[in-house]
Amino acid sequence: MSEELSDLLKVRREKLQNIRDKGVNPYPYKFTATAHSNQVLENFNQLAEGQESAETVAIAGRIMTKRGHGKASFATIQDEFGRIQIYAKLDVIGESQYELWQNLDMGDYIGVTGHVFRTKTNEITVRVEKLEILSKSLLPLPEKWHGLQDKEIRYRERYLDLMVNPEVKEVFVKRSKIVSFIRRFLEEKGFLEVETPVLHVLQGGAAARPFETFHDALSMPLFMRIAPELYLKRLLVGGFEKVFEMGRVFRNEGMSFKHNPEYTMIEIYQAYVDYHDIMQLTEDLIVHAAKEVLGTVELEFRGEKINLTPPWKKITLEDALKENGIDIIGKTDDQIRTLGKEKGIEGAKELGIGKIINELYDKFVEPNLRQPTFIIDHPLETSPLAKKHRSKAGKVERFELIMAGMELANAFSELNDPIDQMQRFQKQADLKAAGDEEAESMDEDFLRALEYGMPPAGGLGIGIDRLVMLLTNSPSIRDVIFFPHMRPLAKTQPKPEEMDTLKKDQNESK
RNA sequence: GCGCCAUUAGCUCAAUUGGCAGAGCAGCUGACUCUUAAUCAGUUGGUUGAAGGUUCAAGUCCUUCAUGGCGCACCA
C-alpha cells in the first residue's frame, strides 16, 4: 500500500523540491489578507461583466479545484467563510510565477493579490497579479464531487471532513453559537460562570459509573467527574446565589447515537427558587436559543417535526405511565413489583420499587415522548439529591425534559436538609455495598457544607451535545462532537516503550 | 455485551452462477490565454481489511480476527 501511495506522494514531494530550488520558501511565516472570500463576493457584486475593481484585494486560502488552459488557469480557493474563483494568466504574472503556479496542487495554501473582475460566465473572480505559496500540501484531497463519504474517516480525520464537507462546518459553527448564546443569556440574568474540579476523590452528583485514574505523587485513585453538582452546591453554601458551570463530564458507560464517554453538560443553580421556576428557566433558555440560532421554534430532527412553542406539556411520571398503559397509581409495592415482572423488567423481584418504576418509565414512556415534555415528581428512592415533594409522599420535586425520546435536562428543588441528605447517602452506601456500581459515595465534606446551611435552591443540568443535535438536526452525537471517541487504530496507539516509561514513573513514585 | 450489515486504486463506486479485478475523479504526459464536475488525446496506479480453509480456480463460499455503521441492552 505504501508502495503505491508513494507514487502520489513522490510527485508532491518533487514539486515541493522544485519550489525550494527556485528559492521560494514553501512554508513562509505570514500573509496579510485584506478580505475573506465572502467579503470579496459581496463587496464587488455590482461589477458588470468585463469590469474591473479600482483597488486590489489580497486573499488567502486552500486550493480546492484547478482548471488549466495552457497559458492561463482558473482555480477555486477556500477560506473559513467560503470559496472564490481566481484566475492566473501567464501574461499577467510572468514566467517565474507561472512556473510556481504549475507546481501547485489541490490542497495547497496560497495567498493571491490582484484586482477583482467579473468573468464572461458571470463569476466574481480575483485576477492573480501576485502569487505566494503559504503551505505545500503533501497528501491528495478526497474526490471533488462526491467528497468524503466514509464515516469512519470523517470521524477519525475530522480535519479532512471539515475541509471537504461544508455542512459539517455549519453544524459546529451553530454549536459554538448555541454555547455562546447560553452564556450570554445566563450572564444577563445575573448568573456567574464558575469552574470546579474535574478530578474527584469521590463519585457523586449523578448515577453513573466513573472513569478511574491515579495520582502518582499522592499515590491515590481519583475519579473523573460524572457531574459537578456537589461542588456547585457548596458554592451556594458559600454565598453565591446564581452560578453555572459548562464543561466536560465523563461516564464509563456504553456508546450510542446519544452517548459519548465524555460530553458537555451545563449545570445551573439558583438560590431561593424551586423546580417550577427552573422549569420556566429551562423553557426560556431553549426557546430563545432556538430563535437566536435558527430563527424558528419549529425543528426537524431525524425526519420528525418538533415544535418548541411554549408552554411545554407538564405531566407527572405516574400520569405519564398511565397514559402509556401502565397504571401504578394507588398500587401497593407488591402489586407494582408484579406489574414490573409482567412487563418484562429484569430482576423485578430484587430491585427497589423506585428503580422498577424508573425502568417502566424508561421502557414504556420515554421513547414515546416526541414533543418537549416535562416529566415531574419522580420516586424518592432514585433521586438522592432532590428535595422531598412538599405534598406527595414518596416523591421528590424533580423534572426531566424529554424531546424526541431523548432526555435533555434533569432538575430538582435541591435537597438542603443535611440530616435527610445524610440518610439518603446512607441508602446509597447500602446499595453500593450490595453491588450497585452507580450508587453515590457518602460525601462527608458535602454534608458538613449542608450543615452550615444551604439556601433553598433549584438546580438544573442540560446535555449540551443533545441540545445541539436537536437544534442542528444531527442524527448522532458524533456529528456534534469534533473528535468523538473511536477505538484507536493499531498505529495510533501508544508505543510499548512509552507505556513502560509511564509505568516506571508510577512505580518510582510509590 | 449481543445481533445484522459493510470493508475492492489516494477518493467515489462497479465486477452476472465461483472463471483474466474495472470505471469516474485525483495523479502523470501532451494540446488549449474566460473555465467552473473545464474539454480533448494518451497513461501510471491493486497483497480486494488481516489470517486460515474449501476448490482445478475465491473480491465472490466457510471459519476466526480487526475496524466501522445501524439496531438491541446499559446509560444522560
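Keep in mind the model is a prediction, meaning the values are calculated, not measured. Protein chains get the first letters and strands the later ones, always in sequence-line order, with residue 1 at the start of each.
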Measuring to OP1 and OP2 of [N], would you say a side-chain N or O of [X] lies under 4.0 angstrom away?
{"X": "A:R154", "N": "B:G68", "result": "no"}
{"X": "A:K15", "N": "B:C28", "result": "yes"}
{"X": "A:K144", "N": "B:A26", "result": "yes"}

Open item on the list: On the side chain of A:Q85, is there an atom forming a donor-acceptor pair with the base of B:U35 - under 3.5 Å, no angle test?
Closed with: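 A donor-acceptor contact between them is present.
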Task: Side-chain donor/acceptor contact of A:D7 with base of B:U44 under 3.5 Å - done: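 In this structure, the two groups form no donor-acceptor pair.
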- [ ] Represent RNA chain B in dot-bracket notation, 5' to 3'. Only Watson-Crick or G-U wobble pairs with both distances under 3.5 Å count; pseudoknot-style crossings use [ ] and interstrand partners use |.
- [x] (((((((..((((.....[..)))).(((((.......))))).....(((((..]....))))))))))))....
Qualifying residues under ring-ring contact (aromatic ring centres under 6.0 Å, His included), relative to [X], sequence neighbours excluded:
{"X": "A:Y231", "result": "A:H200"}
{"X": "A:Y155", "result": "none"}
{"X": "A:H115", "result": "none"}

Open item on the list: Give me each pair satisfying side chain to side chain donor-acceptor pair (under 3.5 Å) with a member in residues 37-48 of chain A, each pair once, sequence neighbours excluded.
Closed with: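 Residue pairs passing side chain to side chain donor-acceptor pair (under 3.5 Å), neighbours aside: A:S37-A:D79.
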Open item on the list: Expressed as a whole number of angstroms, how long is the span from A:R487:CZ to B:A66:C1'?
Closed with: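 So the CZ-C1' distance, A:R487 to B:A66, works out to 9 Å.
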Open item on the list: Salt bridge check, A:E229 against A:K233: does any charged N sit closer than 4.0 Å to a carboxylate O?
Closed with: yes
Open item on the list: With a 4.0 Å cut-off on N to O distance, would you call A:K136 and A:D105 a salt bridge?
Closed with: yes
Give me the residues of [range] where at least one heavy atom lies under 4.0 Å from an atom of RNA chain B, by number, or none.
{"range": "residues 360-385 of chain A", "result": "none"}
{"range": "residues 56-75 of chain A", "result": "A:R67, A:G68, A:H69, A:G70, A:K71, A:A72, A:F74"}
{"range": "residues 123-132 of chain A", "result": "A:E123"}
{"range": "residues 92-118 of chain A", "result": "A:M106, A:F117"}

With the criterion being N/O to N/O and under 3.5 Å, what pairs connect the protein with nucleotides 22-24 of chain B, and how long is each?
residue, atom, partner, partner atom, Å
B:G24, N2, A:E143, OE2, 3.1

TODO: Starting from the 5' end of RNA chain B, give me the residue, A:L148 or A:S476, whose nearest nucleotide shows up first.
DONE: A:L148
Open item on the list: For A:E407 and A:G147, find the nucleotide of RNA chain B closest to each by heavy atoms; which residue's nucleotide sits nearer the 5' end?
Closed with: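 Final value for this comparison: A:G147.
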Open item on the list: Any base atoms under 4.0 Å from A:M265, or only sugar-phosphate, or nothing? Heavy atoms, all strands.
Closed with: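 Counting heavy atoms under 4.0 Å across all strands, no contact is made by A:M265.
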Task: For A:E52, all residues meeting salt bridge (Lys or Arg N to Asp or Glu O under 4.0 Å), sequence neighbours excluded - done: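 With sequence neighbours excluded, A:E52 shows a salt bridge (Lys or Arg N to Asp or Glu O under 4.0 Å) to A:R127, given in chain and number order.
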Task: Pairs meeting criterion ring-ring contact (aromatic ring centres under 6.0 Å, His included) with involvement of residues 347-378 of chain A, two or more places apart - done: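 Matches after skipping sequence neighbours: A:W312-A:F374, A:F374-A:F399.
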